[in-house]
Each structure stands twice: as C-alpha cells, then as structure tokens.
Student: 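Below is one structure. I have some questions about it.
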Amino acid sequence: METTVMQQLQFSPWIHSKSVSAKPKGSLHFPRRLAEQDILQAPFSFDLRVSRHSNHRRTVALKISCSYKNSSVLESGNHCASVDESLAIQRKSREIESYLNGRSIYLVGMMGSGKTTVGKVLSNALGYSFSDSDSLVEEDTGISVAEIFKVYGEDFFRERETEALRKLSLMRQFVISTGGGAVTRSINWKYMHKGISVWLDVPLEALVKRISAVGTNSRPLLHHDSTDAYSKTLVRLSTLLEERGEAYANAEVTVSCEKIAAKLGTKDVSNVTPMAIAIEALEQIEIFLKREDGYCAI
Ligand SMILES: Nc1ncnc2c1ncn2[C@@H]1O[C@H](COP(=O)(O)OP(=O)(O)OP(=O)(O)O)[C@@H](O)[C@H]1O
Ligand SMILES: O=C(O)C1=C[C@@H](O)[C@@H](O)[C@H](O)C1
C-alpha cells in the first residue's frame, strides 16, 4: 500500500522579525518502524504559502508531503502559529530559563491529550531535546508498544516504561512525553519529580474525537474491532480517566484546555492550538517555579 505523509508547519518569525534569534525548527514524522533506507527513497514535495489574516496576523505555512510504499500509517499535522504566538513563546521561554535551570519537563495526560504534539513545540521553544517514553521502550525492546502488550502483557510493558523513565530522569534539558499510564506507578513519580511534571488536562469528548480520527491501532488499551469507533473509544477512555484522574492531578503543574478556551472566549476546545497550550504550559510552569523559589510579586 502506498501512503502519504503530510506535515504542515508554520514558520514565520524568521521571515519577518529580526528580534527572534532562534529559528523555529520543524520535523517530519515517520511511522516508528520505517527503515532508514525507505525514508531516503521517499520522494518529497514542498509547498510554501503565505496567508494574511484580517487582524494583521501573518502566517507562513510550509507543507511537506512524502509518499512511500509498504506502510499503512498516515500521519498528518497542521501546526499553525501566528507571528504573535511565536514571539510570545520565545519571550516566555527566555523568561523562565533561569528559573528552570535545565530541569526537564515531563508531560503527563491521557492518550491523545497532545503530549507529543505540544511537547515538540515546547522543546523547540526552550531549545530542549524531545523524547517519548513509549518510543524509548520500543527502541529498547525492538517491537512496538502494541506488540509488547499482545505478546508480553501490560505488566511487562509497565516495567519497561519505568526503566525508560529512570534513564530519562538522568538527563537534563529534555521535554518528555510520557505514556498515558505512567502516572499509575509511584516509582515513576520518583523519576518524574527530578524535573517538572505538567498535566495536559483535555476534556474527554475532545480526546475521543482526536483518537477516533487517527484510529486505535497503536493504542492497545483502546483497540477494538472497527465498528462504532467513537462510542467504544468513549467508554474505554472514560473508564481510564475515572481511574486515573487523581493520579494526573499529582502533577506539579496543570494545563487546562477548557481554561485556555475560556480565555479565548470560546467553550470549544478544538479551537485551542498546540501553540496556545504550549504558551499556557510555560506560563503555569513560571508560576510554579516562582512560587517554589519563594518569589513574591508586589
Ligand atoms: N491542540 C490540539 N488540537 C487538535 N488536535 C490535536 C491537538 N493536540 C494534538 N492533537 C492531535 O491529537 C492526536 C493525538 O496527539 P498526540 O499524539 O500529541 O497525543 P499524545 O498525548 O502524545 O497521545 P498518546 O499518549 O496516545 O501517544 C494527534 O492526531 C494530534 O495531531
Ligand atoms: O494510557 C495508557 O495506559 C497507555 C498509553 C500509551 O501512551 C502507551 O504507553 C500504552 O499504550 C498505554
């Protein structure tokens, strides 16, 4: 089967603003087990498009497309940021740099809460490396998370996940997307507390919509036969969320998509972009760090 990978990245400050020193970077993501040779043989195409918006915002989208054979995975993304947002995240990153002092950020949250998507925005802004504990487990074992669950069971996966977090806890200057269930083991918190833990709190309905859109093949705890994907995902996710709600709330910082939506004057969290979530995450991290530092605003 031939599959197309499309990733749309929004670049703007490096075209219009001299005040931004770090150039935004983007990356194109491939299915986890695609061989390097296959990637090299894949034809790419690029499309750069400038858009002007009614409120004087300018955005420049770089769309990268690529086709390759023997894969059934489709990944696509549309990561848009206005000039204002790009400047805001750069400014906020610089502001918290000295408080952060190289500590890593651990993103926790349900499957589909955006840990990977928002994590990459954050790591770019902070000049940190990005890592994903699920990918680390896959690299260590040589098989996918779905296969680990199928062949060895969940307990084996949880052991490997803890080992991945232990290794990550030895690193600095990382943004880490943790597995959705990492919060359920207390030993994992011991490792995550080496850095700052941030819960991406996304309402259940939004999670279900996102996951139903991309499918459950890579998410063994949600996987089901193909019929009625929305309601099956809803039931399973709501059970997990009920079981884990308190565990997520252990995070030092909470980023609520509903609160961001409310600030934007909407109730619809689907209007809240990964960039807006990343900016709110940095603001909440700043509040936490200043409180920890005994800082008192006058
Ligand atoms: N703010 C957002 N608005 C709309 N869609 C989003 C947003 N953030 C992420 N998504 C989409 O939701 C899906 C899940 O996002 P992502 O993979 O980042 O979540 P995750 O928390 O890492 O999931 P998992 O733990 O299951 O790997 C992706 O298709 C992504 O493009
Ligand atoms: O929520 C969970 O328990 C999981 C989430 C994924 O990130 C993987 O870690 C795995 O599929 C289990």
Side-chain angles (χ1 to χ4, degrees), residues 5-9 27 29 31-32 73-81 85 106-123 130-138 141 143-150 152-162 164-165 175-185 188 198-203 205-223 233 236-245 247-248 255-258 260-261 264 266 268-281:
V5 175
M6 280 206 312
Q7 183 107 11
Q8 190 162 310
L9 304 158
S27 55
H29 308 292
R32 282 173 178 145
V73 180
L74 172 75
E75 282 200 30
S76 67
N78 185 358
H79 305 294
C80 298
E85 280 180 326
Y106 291 81
L107 297 178
V108 303
M110 286 288 283
M111 286 176 265
S113 58
K115 299 179 295 290
T116 308
T117 312
V118 174
K120 286 178 180 167
V121 177
L122 281 173
S123 64
F130 174 81
S131 187
D132 174 330
S133 64
D134 285 343
S135 303
L136 213 59
V137 169
E138 291 183 330
T141 56
I143 55 175
S144 70
V145 169
E147 282 168 306
I148 297 174
F149 269 72
K150 201 162 142 198
Y152 301 107
E154 182 170 351
D155 288 350
F156 177 86
F157 171 77
R158 296 293 169 209
E159 288 296 328
R160 307 307 306 180
E161 179 174 60
T162 296
L165 291 168
V175 175
I176 294 149
S177 165
T178 65
V183 294
T184 57
R185 289 186 120 197
N188 295 345
V198 177
W199 173 27
L200 299 187
D201 180 12
V202 178
E205 295 70 27
L207 296 174
V208 181
K209 252 195 224 166
R210 289 180 194 174
I211 290 176
S212 308
V214 292
T216 54
N217 284 356
S218 64
R219 295 178 169 95
L221 289 181
L222 300 177
H223 197 52
T233 306
R236 291 184 195 188
L237 270 179
S238 89
T239 310
L240 283 175
L241 190 55
E242 218 162 279
E243 285 167 10
R244 294 178 179 171
Y248 289 128
V255 174
S256 157
C257 271
E258 275 177 341
I260 304 172
L264 296 171
T266 171
D268 186 357
V269 296
S270 63
N271 294 326
V272 181
T273 63
M275 179 62 99
I277 298 167
I279 293 172
E280 175 73 8

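Starting from 1, each residue takes its place in the sequence as its number. These figures come from a predicted structure and were not determined experimentally. Both counts, for ligands and for their atoms, begin at 1 and track the order of listing.
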Student: Measure the distances from the heavy atoms of G109 to every atom of ligand 1 and state whether one is below 4.0 angstrom.
Tutor: no
Student: Please could you name the atoms of ligand 2 that D134 approaches to less than 4.0 Å, counting only its heavy atoms?
Tutor: 6 (C), 7 (O), 8 (C), 9 (O)
Student: Report, in ascending order of atom number, the atoms of ligand 1 lying under 4.0 Å from any heavy atom of V272.
Tutor: 1 (N), 2 (C), 3 (N)
Student: Does atom CG of D268 have more than 12 heavy-atom neighbours from other groups under 6.0 Å away?
Tutor: yes
Student: Measure the CG-OG1 distance between L122 and T117 for me, rounded to the nearest 0.5 Å.
Tutor: 11.0 Å
Student: Quick one: which ligand 2 atoms are inside 4.0 Å of a heavy atom on F157?
Tutor: 9 (O)
Student: When you compare the side chain of M111 with that of L240, does any pair of heavy atoms fall below 4.5 Å?
Tutor: yes
Student: State whether the side chain of K115 and the backbone N or O of I176 hold a donor-acceptor pair below 3.5 Å, judged by distance alone.
Tutor: no
Student: Backbone or side chain, does any N or O of S113 fall under 3.5 Å from an N or O of ligand 1?
Tutor: yes
Student: Report yes if some N/O of M111 lies less than 3.5 Å from some N/O of ligand 1; otherwise report no.
Tutor: no
Student: Side chain, backbone, both or neither: which part of L221 has a heavy atom under 4.0 Å from ligand 2?
Tutor: side chain
Student: Looking only at distances, please establish whether an N/O atom of ligand 1 is found under 3.5 Å from an N/O atom of T178.
Tutor: no
Student: Determine yes or no for a side-chain-to-main-chain donor-acceptor pair under 3.5 angstrom, with S133 supplying the side chain and G179 the backbone.
Tutor: yes
Student: Got a second to check how far I277's CD1 is from D201's CG, nearest 0.5 Å?
Tutor: 10.5 Å
Student: Which of the numbered atoms in ligand 2 are under 4.0 angstrom from any heavy atom belonging to G179?
Tutor: 7 (O), 9 (O)
Student: Around atom 5 (C) of ligand 2, find the nearest protein heavy atom and jot down its residue, atom name and distance.
Tutor: G180 N, 3.3 Å
Student: So, regarding V118 and ligand 1 (criterion: nitrogen or oxygen to nitrogen or oxygen, under 3.5 Å), is there a contact or not?
Tutor: no
Student: Any idea which atoms of ligand 1 are less than 4.0 Å away from a heavy-atom of M110?
Tutor: 21 (O)
Student: Does a side-chain N-to-carboxylate-O contact under 4.0 Å join E147 and K150?
Tutor: no
Student: Give yes or no for whether the N/O distance cutoff of 3.5 Å, strictly under, is met between D134 and ligand 1.
Tutor: no
Student: Closest approach of R158 and L221, non-hydrogen atoms and distance?
Tutor: NH2-CD1, 3.9 Å
Student: Near V145, which atoms of ligand 2 are under 4.0 Å from a heavy atom of that residue?
Tutor: 10 (C), 11 (O)
Student: Specify the closest pair of heavy atoms between V145 and E138, including all atoms of both residues, with the distance to one decimal.
Tutor: N-OE2, 2.8 Å
Student: Check whether any N or O atom of T116, backbone or side chain, sits under 3.5 Å from an N or O atom of ligand 1, and answer yes or no.
Tutor: yes
Student: Which of the atoms in ligand 2, numbered in the order shown and given with their element, are less than 4.0 Å from a heavy-atom of P220?
Tutor: 11 (O)
Student: Would you mind finding which of E154, R244, M111 brings a heavy atom closest to atom 3 (O) of ligand 2?
Tutor: R244
Student: Please verify whether a non-hydrogen atom of R158 lies at under 4.0 Å from ligand 2.
Tutor: yes
Student: For Y152, look at atom OH and say whether over 12 heavy atoms of other residues, nucleotides or ligands are found less than 6.0 Å away.
Tutor: no
Student: Pick one of side chain, backbone, both or neither for how I277 approaches ligand 1, counting any non-hydrogen atom pair under 4.0 Å.
Tutor: side chain
Student: To the closest 0.5 Å, what do you measure between CE (M275) and CD1 (I279)?
Tutor: 5.5 Å
Student: Donor-acceptor pair, R185 side chain versus T162 backbone, under 3.5 Å?
Tutor: no
Student: With a heavy-atom distance limit of 4.0 Å, tell me whether K115 approaches ligand 1 through its side chain, its backbone, both, or neither.
Tutor: both
Student: State the CZ-OG1 distance between F157 and T141, to the nearest 0.5 angstrom.
Tutor: 9.0 Å
Student: Within a distance under 4.0 Å of any heavy atom of G181, pick out the atoms of ligand 2 and give their elements.
Tutor: 1 (O), 2 (C), 3 (O), 4 (C)
